[in-house]
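Structure, as structure tokens:
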Amino acid sequence: MTGNHRARNVLARLLPLLLLAAALAAGAVPGPTARAADGWWNPTARPVPDSQIDVTGEPLHGTAPDGSVRGFVDAHNHLMSAEGFGGRVICGSAFSEQGVADALKDCPEHYPDGSLALFENVTGGADGHHDPVGWPTFADWPAHDSLSHQQDYYAWLERAWRGGERILVNDLVTNGLLCSIYPYKDRPCDEMEAIRTEAKKSYQLQDYVDRMYGGPGKGWFRIVTDSDQARRVVAQGKLAVVLGVETSEPFGCKQVLDVPQCDRAAIDRGLDELYALGVRSMFLCHKFDNALCGVRFDEGTTGVAVNAGQFLSTGTFWATEPCTGPQHDNPIGLPTAQAQGLLPAGVSLPAYAAAAQCNTRGLTDLGAYAIDGMVKRHMMLEVDHMSVKAARSAFEILESKGYPGVLSSHSWMDLDWTERLYKLGGFAAQYPHDANAFVAEANRTKALREQYGVGYGYGSDLNGVGGWPGPVGAGAPNAVTYPFRSADGGSLLDRQVTGSRTWDVNTDGLAHAGLLPDWIEQIRLSGGQGVVDDLMKGAQSYLTTWRATEVHDAGRELATGAAASASSAEWNPFVSYQPGRAVDGDRGTRWASDWSDDQWFAVDLGTARVVDRVTLDWERAYARSYRIEVSTNGTDWRTVWSTSAGDGGLDTAAFTPTSARWVRFHGTARATQWGYSLNEVSVHGA
């Protein structure tokens with residue numbers, strides 16, 4: 001669920017409804033035309049009536065001689081969000097045992113004319129009224145700007161698969177506050193309960209598709225729980241579905257008046273439960289600061305409304321400070337009367353200095369513990385939605401472990417952070433902007449993808465109330481000509497038909513999942529084959545990240561307890577700052593040097609070892625410029641890594657594996673008036 005696109009944020013548009021509210025099971029049924037499939041990709045028993053797919057030709061499958069797979073990655077979708085938010089924010093379902101007419105129907109309160117469709121009307125999908133009838137006419141929905149109606153009906157998703165999509169991340173999503181304030185709901189607002197329901201529904205969809213194809217394991221929709229399984233699915237030409245989580249209070253880890261409402265035991269239980277459900281990637285925070293991390297703000301008036309929600313959820317408003325690096329959170333808008341009206345009497349919305357755009361909240365100790373827990377379980381971390389301070393800490397932790405399991409599915413990073421992600425071995429995708437904007441963003445990061453040999457993805461955020469590309473018009477330079485060939489050239493796609501409605505990406509925009517191949521064709525027409533080729537490499541790149549995550553081994557930590565020496569040690573009659581304090585395994589102790597630039601700290605590993613990474617856990621007195629040196633005899637030193645842009649915190653120097661007995665930090669320029677001070681020094685290697 002995105003936050004900054006077209007100011008179409010759930011909470012921004014939904015919170016004002018408080019004011020308005022105050023004023024106001026078995027199987028797919030084979031049809032009579034069921035017959036033997038013309039190809040493995042066609043079901044033997046599709047329900048009748050149902051949506052058409054309007055694709056001919058065998059889906060892309062198989063592997064290249066080097067074992068690589070091909071296909072698109074939708075790294076951020078919400079197939080089951082209709083089950084979240086109390087069950088009445090997203091109307092319609094991804095499937096129904098009763099058929100398409102039951103699945104693609106509006107919420108009860110939207111009848112007869114949409115006047116009580118509070119969410120739809122506030123978010124701008126209609127001007128106070130809309131035709132609630134879905135199947136078979138679809139006069140007003142789904143639409144690229146309708147945020148409350150189903151966009152992931154299984155047959156539309158099937159068309160996306162037939163058009164080249166091979167990996168889909170199904171983010172299980174909800175928001176407890178949004179659920180609690182929305183006047184219509186038919187289920188509890190507990191976030192973890194919603195996640196359980198959405199996971200269960202996802203497996204039911206897999207069973208539903210399987211029955212159309214003759215039994216368990218035979219359908220194209222395959223939920224996968226490891227990279228090898230996913231690779232086999234993609235090689236077969238089917239769709240590998242990965243479960244993720246995007247929610248504001250995972251494991252109940254909200255905070256109230258700065259007091260965490262969870263502990264480490266709750267995090268362990270929650271991670272174990274999610275892993276057992278099949279979840280392999282997740283966000284730690286989303287929309288509101290929680291007990292794990294601060295969030296990246298939403299922008300403008302959207303941010304003002306979400307900030308009001310932050311107060312209602314946590315009892316505190318966002319707190320800002322000047323940013324210390326090139327990255328920044330989004331600027332919050334000025335207080336509005338509408339947002340002010342949401343708050344209790346006597347509570348006022350704050351205003352923020354234009355120069356202070358970074359959240360003061362970063363990654364908490366509980367958040368760091370959660371990341372450690374994800375690493376132990378070989379799960380992938382989504383860093384979008386984290387505040388700059390939290391994301392920086394997350395990167396530092398992952399770099400200290402050499403952990404590749406990092407994802408950015410909204411492309412909320414500058415080139416520096418994108419390179420940090422690629423250096424680790426992570427995967428990045430982009431929000432589905434209009435074709436020209438998507439191409440421009442893809443080109444901005446293309447040199448990095450070429451440097452690191454990685455593919456690209458999109459994060460459609462369908463059913464995520466973000467807003468999607470609108471129509472370009474039939475005469476636009478990048479208008480799609482129907483029928484068109486799929487990216488691999490093996491399938492022919494015509495305009496998609498559901499009921500009596502025919503969809504055309506030129507005149508409808510990206511209204512539902514079935515139009516993703518059409519949108520990709522529009523991208524090809526806008527930016528050429530190169531962008532599409534990068535997207536076709538996405539499946540292989542995502543699986544490479546996932547596989548590296550599964551087999552990750554941080555390597556043995558070699559420095560703890562080893563003999564340490566230093567150029568100097570700060571004298572204090574009450575506290576020891578001797579070198580051994582930085583390798584004693586206790587972050588409560590530290591080595592501190594004299595107050596001058598040219599200082600060093602060395603560790604004797606006892607015997608020559610292969611080393612490839614050094615992590616420096618800084619106290620506040622850190623180095624701006626320093627190098628990492630190695631030696632086999634303690635006399636002759638060789639530099640293996642250096643920087644002139646140290647920023648404190650947790651610094652990791654990764655370098656080509658090399659043999660060394662002694663490893664040395666050598667400071668050349670301090671960042672503070674004091675000396676150099678290290679809580680712990682870690683050396684990793686074989």
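The chain is numbered in sequence order, starting from 1.
Among pairs with a residue in residues 620-674, none fulfils disulfide (SG to SG under 2.5 Å), at least two apart in sequence or across chains. Among pairs with a residue in residues 623-635, those fulfilling salt bridge (Lys or Arg N to Asp or Glu O under 4.0 Å) read Arg627-Glu629, Glu629-Arg664, at least two apart in sequence or across chains. Pairs engaging residues 604-615 under the salt bridge (Lys or Arg N to Asp or Glu O under 4.0 Å) rule: Asp604-Arg661 [sequence neighbours left out]. Here ring pair (Phe, Tyr, Trp, His ring centres under 6.0 Å) pairs that include residues 529-549, with residues two or more places apart or in two chains, are Phe427-Tyr542.
In this structure Thr445 satisfies the side-chain contact (heavy atoms from CB on, under 4.5 Å) test together with Leu415, Glu441, Arg449, Tyr456, sequence neighbours excluded. Residues meeting the side-chain contact (heavy atoms from CB on, under 4.5 Å) test with Asp636, sequence neighbours left out: Asn633. Partners of Ser677 by side-chain contact (heavy atoms from CB on, under 4.5 Å), not counting sequence neighbours, listed by chain and number: Arg590, Ala592, Glu619, Ala621. Asp586 meets the side-chain contact (heavy atoms from CB on, under 4.5 Å) test with Asp584, Thr589; sequence neighbours excluded. Under the salt bridge (Lys or Arg N to Asp or Glu O under 4.0 Å) criterion, Asp594 pairs with no residue, sequence neighbours left out. Partners of Tyr458 by ring-ring contact (aromatic ring centres under 6.0 Å, His included), not counting sequence neighbours, listed by chain and number: Trp519. Judged as a ring-ring contact (aromatic ring centres under 6.0 Å, His included), and not counting sequence neighbours, the contacts of Trp417 are Phe395.
Of the N and O atoms on the side chains of Asn170 and Ser202, at least one donor lies less than 3.5 Å from an acceptor on the other residue. Side chains of His385 and Glu382: no donor on one and acceptor on the other come within 3.5 Å. Side chains of Asn330 and Gln357: no donor on one and acceptor on the other come within 3.5 Å. If you check the side chains of Asp598 and His666, you find a donor sitting under 3.5 Å from an acceptor. Defined by atom type and a distance below 3.5 Å, a donor-acceptor pair is missing between the side-chain atoms of Thr652 and Ser400. A side-chain N or O of Ser567 and one of Gln599 form a donor-acceptor pair less than 3.5 Å apart. Between the side chains of Glu321 and Thr360, no donor-acceptor pair is found at a separation under 3.5 Å. Using a 3.5 Å distance cut-off with no hydrogens or angles, the side chains of Gln236 and Arg222 do not pair a donor with an acceptor. Side chains of Trp618 and Asn679: no donor on one and acceptor on the other come within 3.5 Å. Side chain to side chain, Asp651 and Tyr626 meet the donor-acceptor criterion of an N or O pair below 3.5 Å.
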Report task. Determine, stepwise, if the pair Arg670 / Ser625 fulfils side-chain hydrogen bond (donor to acceptor under 3.5 Å, both in side chains). Result -> CA-CA 7 Å; Arg670 293 167 293 155; Ser625 296; over 6 Å; no
Query raised in the report: Do Asn77 and Asp461 pass the side-chain hydrogen bond (donor to acceptor under 3.5 Å, both in side chains) test, and can you show the C-alpha distance, the side-chain angles, and the key distance before you say yes or no?
Result: CA-CA 5 Å; Asn77 198 322; Asp461 204 32; over 6 Å; no
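Taking the six-membered ring where tryptophan is involved, the planes of Phe297 and Trp318 are tilted, since the angle between them lies from 30° to 60°. Using a 30° and 60° split on the angle between ring planes, His410 and Phe283 fall in the tilted class, from 30° to 60°. In this structure, Phe665 and Tyr676 have perpendicular ring planes: the angle between them is above 60°, well past the 30° mark.
Contact record, Leu274 with Phe251: CD1-CE2, 3.6 Å, taken as the closest heavy-atom pair. Taking every heavy atom of both residues into account, Trp591 and Ala566 meet most closely at NE1-CB, 3.5 Å. Nearest heavy atoms, Leu363 versus Ser393: CB-CB, 3.8 Å. The two atoms that bring Val259 and Gln261 nearest to each other are O-NE2, 2.8 Å, heavy atoms only. When all heavy atoms of Leu284 and Gly367 are compared, the pair lying nearest together is CD1-O, 3.9 Å.
Side-chain contact check for Leu678 versus Asp617: every heavy-atom pair is 4.5 Å or farther apart. Residues Val383 and Leu407 are not in side-chain contact: their nearest non-hydrogen atoms beyond the backbone lie 4.5 Å or more apart. No side-chain heavy atom of Ser281 sits under 4.5 Å from any side-chain heavy atom of Met379. Under the 4.5 Å side-chain criterion, counting only non-hydrogen atoms from C-beta, Val681 is in contact with Leu616. Residues Asp416 and Pro326 have side chains in contact (heavy-atom distance under 4.5 Å, counting atoms from C-beta outward). For the pair His684 and Leu558, the minimum side-chain heavy-atom distance is 4.5 Å or more.
Between atom CE of residue Met536 and atom OG of residue Ser541 there is a gap of 14.0 Å, rounded to the nearest 0.5 Å. Interatomic distance, Gln540 CD to Ile167 CD1, rounded to the nearest 0.5 Å: 8.5 Å. From Leu292, atom CG reaches atom CG of Asp289 across 11.0 Å, with rounding to the nearest 0.5 Å. Note that the SG atom of Cys323 and the CD atom of Gln327 stand 9.0 Å from one another [nearest 0.5 Å]. We find the CG-NZ distance between Asn290 and Lys254 to be 10.0 Å, quoted to the nearest 0.5 Å.
Within 6.0 Å of the CZ atom in Arg444, the count of heavy atoms belonging to other residues, nucleotides or ligands exceeds 12. Other residues, nucleotides and ligands contribute more than 12 heavy atoms inside 6.0 Å of the NE2 atom of His378. For Asp365, the CG atom sits in a loose shell: 12 or fewer heavy atoms of surrounding residues, nucleotides or ligands are nearer than 6.0 Å.
Asp268 and Arg377 are joined by a salt bridge, as a carboxylate oxygen and a charged side-chain nitrogen come within less than 4.0 angstrom of each other. Electrostatic pairing of Glu396 and Arg392 does not count as a salt bridge here, judged by no charged N lying under 4.0 Å from a carboxylate O. With salt bridges taken as basic N to acidic carboxylate O contacts below 4.0 Å, one links Asp298 and Lys287. Using a 4.0 Å cut-off between charged nitrogen and carboxylate oxygen, Asp553 and Lys401 do not count as a salt-bridge pair.
Taking the six-membered ring for Trp, Trp662 and Phe601 have ring centres at least 6.0 Å apart. Close placement of the Tyr403 and His552 rings is indicated, their centers lying within 6.0 Å of each other.
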Using a 3.5 Å cut-off and no angle test, enumerate the donor-acceptor pairs between side-chain atoms of residues 418-426 and protein atoms at least two apart in sequence or in another chain.
from   : atom 1 : to     : atom 2 : distance (Å)
Thr418 : OG1    : Asp414 : O      : 2.8
Glu419 : OE2    : Tyr452 : OH     : 2.8
Arg420 : NE     : Glu399 : OE2    : 2.8
Arg420 : NH2    : Glu399 : OE1    : 2.8
Arg420 : NH2    : Glu399 : OE2    : 3.3

